[in-house]
Amino acid sequence: MKVGVLALQGDVPETLSALGAILPGDDVLAVRTPQELGRVGALFLPGGESTTIARLLVQAGLWNHLADRLRTGLPVLATCAGLILLARELVPGFSGLDPPTLGVLDVQVRRNDYGSQRESFEAPVRVEGLEGGPFPGVFIRSPRIHSVGPEATPFAWHGGEIVGVRAGSIWGLTFHPELAGDPRLHRLFLKAAHAAALGPTAEPLRTRRARR
Ligand code: GLN
């Protein structure tokens, strides 16, 4: 399965290199066109500036294609600005212009809710299903998740605050795993994306091998 990184703006090189460290190079594809989007079985939406990424998605003719792929189950790991673009609703209050959103993650978020660059911080994050202890959370001009609707499930927390949610194989994080120097979260997502690609009726590989 090819894994794409939306490569319009933001943390693209960091995300490509974090994935390059855990996947064969040929499996990772920078996605800038509808054709490239059509070739991937999972997609990373990196952090950056959500208004800029939204504008470039429209300009590249990708907005509707991405919306269609999301509706039909494309596994996505969305980070920070990526999470903003997937949110059902943006809570007003951020001083800048808010982007349109794709609305596939049932959360309300507010942009830059911890403050500006100076208030960026690192803190341990507890991630459900992640072995090996807390994950090093890197929060950069992060959005805050204000509420989670019935169609999304929290799976990551910083203290008592929800910092990661998912709806099926669409995952959204307010922090940056590509900057953590820790591949566990990417691996966990890729494992879930592969399982989703095999479908609910697929037998585990080991059983299939044993039957031969
Ligand atoms: N503050 C950015 C936005 O609102 C997100 C920051 C990030 O992706 N690190 O789009």
Side-chain angles (χ1 to χ4, degrees), residues 1-12 15-16 19 27-92 94 96-112 142-155 162 164-174 176-178 186 189-190 192-200:
M1 178 173 83
K2 294 249 185 258
V3 171
V5 176
L6 184 71
L8 299 177
Q9 190 268 337
D11 268 1
V12 177
T15 308
L16 286 169
L19 292 176
D27 287 2
V28 185
L29 193 71
V31 170
R32 296 188 187 88
T33 65
Q35 292 71 26
E36 285 161 349
L37 180 60
R39 293 176 58 202
V40 303
L43 183 67
F44 286 73
L45 295 186
E49 278 305 317
S50 50
T51 38
T52 307
I53 299 174
R55 183 166 45 78
L56 296 174
L57 276 169
V58 173
Q59 272 175 22
L62 272 166
W63 184 274
N64 291 336
H65 283 273
L66 180 57
D68 285 349
R69 293 287 319 264
L70 287 164
R71 266 194 295 274
T72 54
L74 176 70
V76 171
L77 179 64
T79 297
C80 218
L83 163 68
I84 293 167
L85 291 172
L86 297 189
R88 177 172 51 78
E89 195 179 329
L90 301 184
V91 178
F94 173 63
L97 200 65
D98 279 337
T101 71
L102 291 151
V104 292
L105 253 188
D106 194 5
V107 286
Q108 292 184 305
V109 302
R110 182 150 72 188
R111 297 176 65 198
N112 291 39
S142 289
R144 198 190 310 249
I145 298 173
H146 278 238
S147 73
V148 181
E151 283 161 39
T153 309
F155 75 100
I162 296 165
V165 293
R166 63 183 157 214
S169 35
I170 298 178
W171 295 21
L173 307 172
T174 66
H176 289 261
E178 74 283 4
H186 286 143
F189 167 75
L190 289 168
H194 275 108
L198 290 174

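All figures in this text were calculated on a predicted structure; none of them were measured in a lab. The first residue of the sequence shown is numbered 1, and numbering continues consecutively from there.
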Shortest non-hydrogen separation from [X] to [Y] and the atoms involved:
X      : Y      : value
Thr51  : Leu97  : CG2-O, 2.9 Å
Ala78  : Gly82  : CB-C, 3.5 Å
Val148 : Pro154 : CG1-CD, 4.2 Å
Met1   : Ala193 : CE-CB, 4.0 Å
Gln9   : Leu56  : CB-CD1, 4.0 Å
Arg69  : Leu37  : NH1-O, 2.8 Å

Side-chain contact test, heavy atoms from C-beta onward, threshold under 4.5 Å: evaluate it for [X] versus [Y] and give yes or no.
X      : Y      : value
Pro99  : Leu90  : yes
Leu173 : Phe155 : yes
Val107 : Ile162 : no
Ile145 : Val109 : yes
Val104 : Val76  : no
Thr79  : Asp11  : no
Pro177 : Phe189 : no

Inset, instruction - Let me see the working for Ile84 and Asp98 under side chain to side chain contact (heavy atoms under 4.5 Å, CB included), right down to the final yes or no. - result: CA-CA 9 Å; Ile84 293 167; Asp98 279 337; over 6 Å; no
How long is the straight-line distance from [atom2] of [Y] back to [atom1] of [X], given to the nearest 0.5 Å?
X      : Y      : atom1 : atom2 : result
Leu74  : Asp68  : CG    : CG    : 11.0 Å
Leu57  : Leu102 : CG    : CG    : 7.0 Å
Trp63  : Ile53  : CH2   : CD1   : 10.5 Å
Asp106 : Ser147 : CG    : OG    : 8.0 Å
Arg144 : Asn112 : CZ    : CG    : 11.5 Å

Inset, instruction - Indicate yes or no for a side-chain donor-acceptor contact from Arg110 to the backbone of Pro143 under 3.5 Å, with no hydrogens or angles considered. - result: no
Inset, instruction - Ignoring hydrogens and angles, tell me if any N or O in the side chain of Thr15 forms a donor-acceptor pair with the backbone of Glu178 under 3.5 Å. - result: no
Legend entry - Partner set under side-chain hydrogen bond (donor to acceptor under 3.5 Å, both in side chains) for His65, not counting sequence neighbours: none
Legend entry - With Glu89 via side-chain hydrogen bond (donor to acceptor under 3.5 Å, both in side chains) - residues at least two apart: Gln108
Got a list of side-chain donor-acceptor pairs under 3.5 Å for residues 39-49, not counting sequence neighbours?
residue : atom : partner : partner atom : Å
Glu49   : OE1  : Arg111  : NH2          : 3.4
Glu49   : OE2  : Arg141  : NH2          : 3.2

